[in-house]
Amino acid sequence: MIPDSARQRAAELSRELHRHNHLYHVLDAPEVSDAAYDAWFRELLALEAAHPELAGPDSPTQRVGAPPLEAFAPAEHGQPLLSLENVTDGAELREFDARVQKFLGLEGRVAYVGEPKLDGLAVALTYGGGRFVRGATRGDGRVGEDVTANLRTVRSIPLALDPAAAPAALEVRGEVVMTRADFARLNKDQEERGEALFANPRNAAAGAVRQLDSRVTARRRLTFLAYGVGRVPPGWAATQSEVLDRLEALGFRTSPERRQVAGIEAAEAYCQEVEERRDRYPFELDGCVVKVDSLALQDQLGAKARAPRWAVAYKFAPRQATTRLLDIVASVGRTGAITPVAVLAPVEVGGVTVARATLHNPGEVARKGVLIGDRVVIQRAGDVIPEVVEPVVAARDGTERPFVMPDRCPACGGPVEQPEGEAVPRCAGLDCPAQLKGRLRHFATRRALDIEGLGAKLVDQLVDQGLVREVADLFRLTEADLVPLERMAEKSAGNLARALAAARTVDLGRFLYGLGVRHVGEATAQALARHFGTLAALQEAGEGALLAVPDVGPEVARSLVSFFADERNRAGLARLWATGFAVRGAERPAGPRPWEGMTFVFTGGLSTLGRDDAKARVEALGARASGSVSKKTTYVVVGAEAGSKADKARELGLALLTEEEFLTMLAGAEGASPPIAVEEP
Ligand code: IVH
C-alpha cells in the first residue's frame, strides 16, 4: 500500500517537473533555477524508489534511457509518411502554385503557410489517451523503426498530454534535430576523446535516434519540432496553421517563424527572407516548406505516389563551391598537435569568404585524396566551419603534388613524434612558440579565463616580441608594455590591462579547463572542480582517486597525473601564483544533504568507481551505504556479475540502478553544489 501522502506528493512533483521541463525545453523560458529543478527531481526519484509503482513510463524520471536493445522492432505507420517535391527557385515555385490552382479549378491567391524546412530526422509520435506510446522513424514511409525508448529521452517530447485537451488518438509528426550549439559541443567532445567527428547536425541527430542503447541517446541533446499530424482529429482544426497552434497548446515545440501568406509571391518572399537569415536559427535549415493552409483543400489535392500535391520544399542554394587548393601547411596547436591546413584561393561559400580549412590529420588528407594544386569542393555544413569535401579529379593536369608531413616542427624545428595509435603527429619541442601561442589563446578563451581583448593577433605579437614566454608573464604585463604594440591604442591597452587584472581570480573549473591538460575538456574540468573542490586536492589525487570522478576515464586520469607531476608545469604554476593569481575553489555542500534519508546497497563489480569510493560519495551526499538489502533500502546499485543481493532486491520490488544510472544520478546531485570559498594557492 502506498500512503496517500506519497502518492499525492509524487503526482504533484511529476506535474511540476513536466511543467518546468516544458518551460525550459519547449518555450525557452525557465521559471526556476536548475538547482530547484534538480531538488524536486531527486525528491521524486526517492519517492519512486521507495514505491516503484509510482514510477510510471511517463514520469519525468524516465528520461535517462533504458538498457540496450538487440534491434529495433518494425513500426508500421497508420498513414504513410510522405516526402516532398523540391523546387529550387521562384519560377519553379510559381509552377507549383499554377498546378495547385489548376487542380482545384481556382484562380487567384491561394492561402499558404510557409515553414522552415528543418534538417534532421523525421519521426512520428503516437499518443493514446494522451500518453506517448510509440515513436517511429520514417523508414520507407510505410514501415519505420520503433525508437520509442530513445525518443522518451528527448526533453521536448511531452510524455503525457493535458487529458482535458488531448484527443483520444493523435499522431504527431515532426523532425528530431540537434542545435548547432549542441552539435559543436558534441564534436568538440568527440575530438577531445579522440573519436570520429560527425559530419553535420543531421547525421549526429539521426545517429542518436538510431542508437540501440537509449542511454547514449539521452546524453546527446536532441530537440523535437512538430510540423504536422497523421490524421487530423475530428473538429480539431481547419488549417495547417491551426494544427500547429493546437500542437503548441498541447506542449510541443513547433517550427519557428512559420507564416501565413496570401499567394505565391508572398510565399516566395518568405522563403527568401528565411534563406537570408538561415545562419541565425539555432537549427540547420535546408529550405522552406510551402503548404496549402486549408486542410479541406489539402484533402481535395491529395497526394501522388510519394509526395502530396499540396506542399513543396523550396530548397536553399547549396553551401558548396569549388576553388583551388593552393597549399597544405602544417599548423601547430597548443598540445603540439600538427594539423594539415588547406590554404585556398579565397572563395565565397554561403555568404562567407573562405581561405583556409582544417584537414584534421594526415590520414584525413589521404582519405579525401586531395593533392596540392587540385580544384576542390568546399562546403559549410553543420557549422560555420568550412571543410574540404573532395578533389575534382577530372580537373587535374598533372602538376598536382601530394602533401608530405614535415619531419621537423614548422614552428620551432623540433622533432616530430607520431604517438602509437593516434592520428595526429606532435611537435615534441619544449619551447615551441606555436604551442605557447596556442596555450595562451586557450587560456584566454571565453570558456576558460575569458580575457576580453586577448585574441590570436595580440597573442602572436606578445610572443613574437618576447614579452610573454609563459602564462605567468601575462599577469606581469603593464599598460606601458602594451601601448607600443601594433594597432594598440592607449584606450585598448588600458582595457586589456583591466581585463587581465579582473582575470587574476578565477573559478577552479575554468582554470582547469584553461590549463589545457590533454583530454580534459570543459565538462571534465567542471566535474573535477566539483569533486575535488580545491586545486590542492586535485593535485594530490592519484589515478585511483581521479577515476572516482564521473567523466574521468583512465586516459584522463593518466594525463592529469603526468601534468601535475611534470616539474616544468609545477614551476610554471608556482610562478603564476607569484604574480598574485588565485583560484576560487568549489566546495561540495556542507549544509544541505540532498540524499539524506536514502540507503544504498552496492552489489557486483563496479567498473568506474571502486566500491569504497562509491560508498564515500553517497555518504557525502547524506545517504547511508549498507551491506545488506532490506525493505528500507532505497536503491540497489547492480554491478557486473551481481548475485543474491540483486535477486533479493528484485523479490522485494526495490529500485535497481545500473552503474551508469547511478553515476548519472550522482553527477546530478554533486553538480547541484555552488562554488564557494577562495583558495589560497
Ligand atoms: S511536411 C507530406 N514540414 O522534409 C508532408 N516536412 O522532404 C511532408 N521536413 O520527411 C512533411 N521540415 O522530415 C514538413 N516544416 C516541415 C518540415 C518537413 C522538415 C522534412 C520531413 C520530410 C522531408 C520531406
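Keep in mind it's a predicted model, so treat the numbers as computed, not measured. Remember, it's 1-based here, ligands and their atoms both numbered in the order they're listed.
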Nearest-contact summary for [atom] - protein heavy atom, Å:
{"atom": "atom 13 (O) of ligand 1", "answer": "E175 OE1, 2.4 Å"}
{"atom": "atom 18 (C) of ligand 1", "answer": "Y227 CE2, 3.5 Å"}
{"atom": "atom 5 (C) of ligand 1", "answer": "L84 CD2, 3.9 Å"}
{"atom": "atom 2 (C) of ligand 1", "answer": "P308 CG, 3.4 Å"}
{"atom": "atom 12 (N) of ligand 1", "answer": "L118 N, 3.0 Å"}
{"atom": "atom 3 (N) of ligand 1", "answer": "K291 NZ, 3.0 Å"}

Side chain, backbone, both or neither: which applies to P116 and ligand 1 if a contact is any heavy-atom pair less than 4.0 Å apart?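 Backbone only; the side chain of P116 stays clear of ligand 1.
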Checking contacts here: is it the side chain or the backbone of V289 that comes within 4.0 Å of ligand 1, counting heavy atoms only? Could be both or neither.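 The answer is the side chain.
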Side chains of [X] and [Y]: do they bring a donor and an acceptor to under 3.5 Å?
{"X": "E248", "Y": "T254", "answer": "yes"}
{"X": "E387", "Y": "Q379", "answer": "yes"}
{"X": "D58", "Y": "Q62", "answer": "no"}

Verdict with supporting geometry, V154 and T223, side-chain contact (heavy atoms from CB on, under 4.5 Å): CA-CA 6 Å; V154 178; T223 304; 5.8 Å; no
Under 4.0 Å from a heavy atom of E115: which atoms of ligand 1 are those, numbered in the order shown and with their elements?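 The list of qualifying atoms is 3 (N), 15 (N), 16 (C).
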Could you tell me which atoms of ligand 1, counted from 1 in the order shown, lie closer than 4.0 angstrom to a heavy atom of A122?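 With A122 as reference, the close atoms of ligand 1 come out as 10 (O), 13 (O).
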Identity of the nearest option to atom 7 (O) of ligand 1, non-hydrogen atoms only, from Q240, Q298, K315, K117: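 Nearest heavy atom to atom 7 (O) of ligand 1 lies in K117.
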Are any of the heavy atoms in A307 under 4.0 Å away from ligand 1?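 A307 does not count as a contact of ligand 1 under the 4.0 Å cut-off.
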Between F252 and Y127, is the gap from one ring center to the other below 6.0 Å?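 Under 6.0 Å, so yes.
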Mutual orientation of the aromatic rings belonging to Y314 and F316 [parallel < 30°, tilted 30-60°, perpendicular > 60°]: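 Aromatic pair Y314/F316 classed perpendicular.
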Nearest heavy-atom pair of H77 and R138: which atoms, and what distance?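 Smallest heavy-atom distance, with atoms named: NE2-O, 3.3 Å.
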If you count heavy atoms of other groups shown closer than 6.0 angstrom to OH of Y24, is the number above 12?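 Check fails, neighbour count at 12 or below.
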